[in-house]
Structure formats: structure tokens, C-alpha cells
There are 2 protein chains.
Amino acid sequence: MYERKIPELLDCGLAVSVKVIGGKWKAWIIDCIRRGVRRPSAIHKEMHEVAPRIINMHLKELEEYGLIYKKIYAEIPARVEYCFTEVGISILPVVDILEKWGNENKEYIYRNKENYQADTCPFHRKTA
Amino acid sequence: MYERKIPELLDCGLAVSVKVIGGKWKAWIIDCIRRGVRRPSAIHKEMHEVAPRIINMHLKELEEYGLIYKKIYAEIPARVEYCFTEVGISILPVVDILEKWGNENKEYIYRNKENYQADTCPFHRKTA
DNA sequence: AACCATAGGGAAAATTTTTTCCCTGTTGGT
DNA sequence: ACCAACAGGGAAAAAATTTTCCCTATGGTT
């Protein structure tokens, strides 16, 4: 297990939320589960860009936080499903809002990033 | 300048939002500016846990995205203020919602994380 | 026997992000 | 002359995260 060397500042709500959703793929995983893609193997298939190992790690993290829990069916071959806890469900509207804002503004952001030249372009710089 | 080796997947809105707010300190910086702490030195003072260099880098990133812009006053000593663009303003309610969710659920998350023991604690594990 | 699928993790490498250290300037105060 | 505050960045180290590789097991299929 990896041990942090610098303690985290998780006193404020913003930091907690960012911690929970902010990983590289966690929001996507949450979205999978919401849409009913609950089994690890199914999530792996949908997120084929991402190594299974990582998805497992994120799932575990979300389980640690208590956003999802694991249903282990006594079947052969092993069958596992991840489902939302109540708190997990409560974050879904937040995810929706992030998704919405991102979709509404991504073109603007791309455009700005491409055109951006530090301190030279008067479009970005406003001198008073 | 650092160059990415793995291209980012920024097609979906969720990824874009997480990219924009998801840095270690960006949400805090946004919150500073919103509360009127607009000058770099003032932000540095408030966020004394964080190296000025990083704050500058995040400010630049937010400027690149077009969430904030730089007002440079023709004064001596140099005076700079960062202000929100329209799109910057539009993200504030999103930040609020993240802040709110985090505050409402942080104790729950702390508790779960502390009590969590993978696959041994029946509180977390539900076998069907 | 060799392979598939299921679920999962340890170790180490690679990548990305954050941090520290030290530098560029300007102007004003002591 | 020296130190303060202002705004800012290059280089490299450190830390954190992500990725790859390879392993554990079970049981079914070819």
C-alpha cells in the first residue's frame, strides 16, 4: 500500500467532493454503475481505454468512502455487483451538473486553450 | 513546458469539468477570487499552505481555459487582479454544489474510510 | 492439458502533478 | 547599499497517480 507523505487538507467540503469525484476515471465509473453497468467485467469492457487494475482500485476507493457497496453472489463463476449506497445516490445529481456544465462549455474552453498565448494576446489581457 | 505523453479524453462533459475544477487547489483559488481575493499576493497569503509557484500555475491554467482574465493596472508597483469571465461566473453554482455536497457528507466519508476493511467487515460486504 | 471467463492484487515502471529552490525584473523605504 | 513587496518563471526534485506486467484462485470448455 502506498502511504502519503503530505497530509491532505480535507476539512472543506470542496476538497472532499473533488477527492471523491476528481480521480482520472472515477466520474466515469460512477456513471457506468448508474446506467446499470455494475459488474467489474462489464465496466472493464465499457472502459476499454483503462486498465482493469485501475478500475478495480477506483472501485475499492469508492467502496471505502461508502459511495458504493459490493454485492457478492454465491454463484460460480464468482459474480460481483457494485451498487450505490444512499450517499452514493446523493452524488448523482452533482455528477449530472458537472456533466451538464462541461458539455455546455467545452467548446469555449477548447477554443480558449488553443488561442491562448500568455500575455501577448489582447483578447486575453485587459490592461486598465 | 511539460508535454503529455498520453492524450487526454476530453470529449465528455464530465471529464472537462473535472479537468477544470479537479486540480489539487483550483477550486480553492476559484473560491478566493469569488470572495474578492483577486490579487496574486493576496491569494498567496490566504493559501499559505501552498507554494506561490503552484498558485501561479493554476491561475494561468484557469486563464487559459477562459474562466478568469487578468487585469493589469498601469501602476507602480505592478498590480494584477484576476476576475471571472462570464463562463467563469457560470461555474460558481457548480462549485457551490460541490461544496455543499462535501460538507453534508464528509463525516460519513471519514467514518467509512476509517472503519473500512476490505472484504472482512460485514457492514460493507453484502453477500446475496 | 490448455484455454476461456470470473474477480482481484503485488511490484515496479511510467507518467503526471506538485513542490522546492532559485532566478528575472521594478519601485519604495531605511 | 540593502531589503521589502510586487508579479512571475525555469529547472529539477519529490510526491502522487496511473499504467503495465504478472501473479493468485475457481470452474467450465475445447
Side-chain angles (χ1 to χ4, degrees), chain A residues 1-10 15 18-26 28-29 37-45 47-64 68 70-82 117-120 125 127-128, chain B residues 1-10 15 18-26 28-29 37-45 47-64 68 70-82 117-120 125 127-128:
Chain A
M1 270 287 280
Y2 177 76
E3 270 192 47
R4 295 204 149 264
K5 305 197 178 170
I6 297 178
E8 296 180 281
L9 290 177
L10 290 178
V18 167
K19 176 82 186 163
V20 169
I21 320 196
K24 191 162 180 185
W25 308 112
K26 263 182 296 191
W28 191 358
I29 292 174
V37 183
R38 298 200 186 83
R39 299 186 61 180
S41 56
I43 299 176
H44 297 335
K45 265 174 211 146
M47 301 177 63
H48 57 273
E49 296 93 338
V50 189
R53 179 79 162 87
I54 306 217
I55 297 175
N56 292 342
M57 281 167 43
H58 281 321
L59 283 168
K60 193 169 174 181
E61 196 182 334
L62 291 170
E63 197 194 357
E64 269 185 44
I68 60 178
K70 206 194 266 192
K71 266 193 199 161
I72 302 174
Y73 291 89
E75 291 180 12
I76 294 301
R79 176 178 161 85
V80 167
E81 281 182 4
Y82 287 98
Q117 287 185 310
D119 280 12
T120 54
R125 182 180 194 168
T127 304
Chain B
M1 271 288 281
Y2 177 76
E3 270 192 49
R4 301 204 144 263
K5 303 198 179 170
I6 299 177
E8 296 179 280
L9 290 177
L10 290 178
V18 167
K19 176 82 187 162
V20 169
I21 321 197
K24 191 161 180 186
W25 308 111
K26 263 183 297 195
W28 191 357
I29 291 173
V37 182
R38 298 198 186 86
R39 301 186 60 180
S41 56
I43 299 176
H44 297 335
K45 264 174 213 148
M47 301 178 62
H48 57 274
E49 296 92 339
V50 190
R53 180 78 162 87
I54 307 216
I55 297 176
N56 292 342
M57 281 168 44
H58 281 320
L59 284 169
K60 192 169 173 180
E61 197 182 334
L62 291 171
E63 196 194 356
E64 269 185 44
I68 59 178
K70 205 195 265 192
K71 266 192 199 162
I72 303 173
Y73 291 88
E75 291 180 13
I76 294 303
R79 176 179 161 86
V80 167
E81 280 184 3
Y82 287 98
Q117 286 184 312
D119 280 13
T120 53
R125 184 178 192 168
T127 305

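Please read all numbers here as calculations on a predicted model, not as lab measurements. Every chain is numbered from 1, with letters handed out A, B, ... down the list of sequences.
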Just by protein heavy atoms under 4.0 Å, how would nucleotides 15-28 of chain D read 5' to 3' in B, S and -? SBBBBB------S-
Could you check whether A:K45 gets within reach of a base, just the sugar-phosphate, or nothing at all, counting any heavy atom under 4.0 Å? sugar-phosphate
Between atom CD in A:E81 and atom P in C:dA7, what is the gap in whole Å? 10 Å
Side chains of B:K24 and A:V18: closer than 4.5 Å at any heavy-atom pair? no
Taking atom C1' of C:dG8 as reference, at what distance in whole Å does atom NZ of A:K60 sit? 9 Å
If I compare all heavy atoms of B:I29 with all of B:M47, which pair ends up nearest, and what's the gap? CG1-SD, 3.8 Å
So, is A:K70 near the phosphate of C:dA7, with a side-chain N or O under 4.0 Å from OP1 or OP2? no
Taken in chain and number order and not counting sequence neighbours, the residues that satisfy side-chain hydrogen bond (donor to acceptor under 3.5 Å, both in side chains) with B:W25 are none
Between B:Y73 and D:dA7, is there a side-chain N or O to OP1/OP2 distance below 4.0 Å? no
State, to 0.1 Å, how close A:K26 and A:L62 come at their nearest heavy-atom pair, and which atoms those are. CD-CD2, 3.9 Å
Please confirm whether the shortest side-chain N or O distance from B:S41 to OP1 or OP2 of D:dA7 is below 4.0 Å. yes
Indicate yes or no: at least one non-hydrogen side-chain atom of B:I68 is less than 4.5 angstrom from one of B:E63. yes
Closest approach of B:A15 and B:L9, non-hydrogen atoms and distance? CB-O, 3.4 Å
C:dT18 C1' sits how many Å from A:L9 CG, rounded? 14 Å
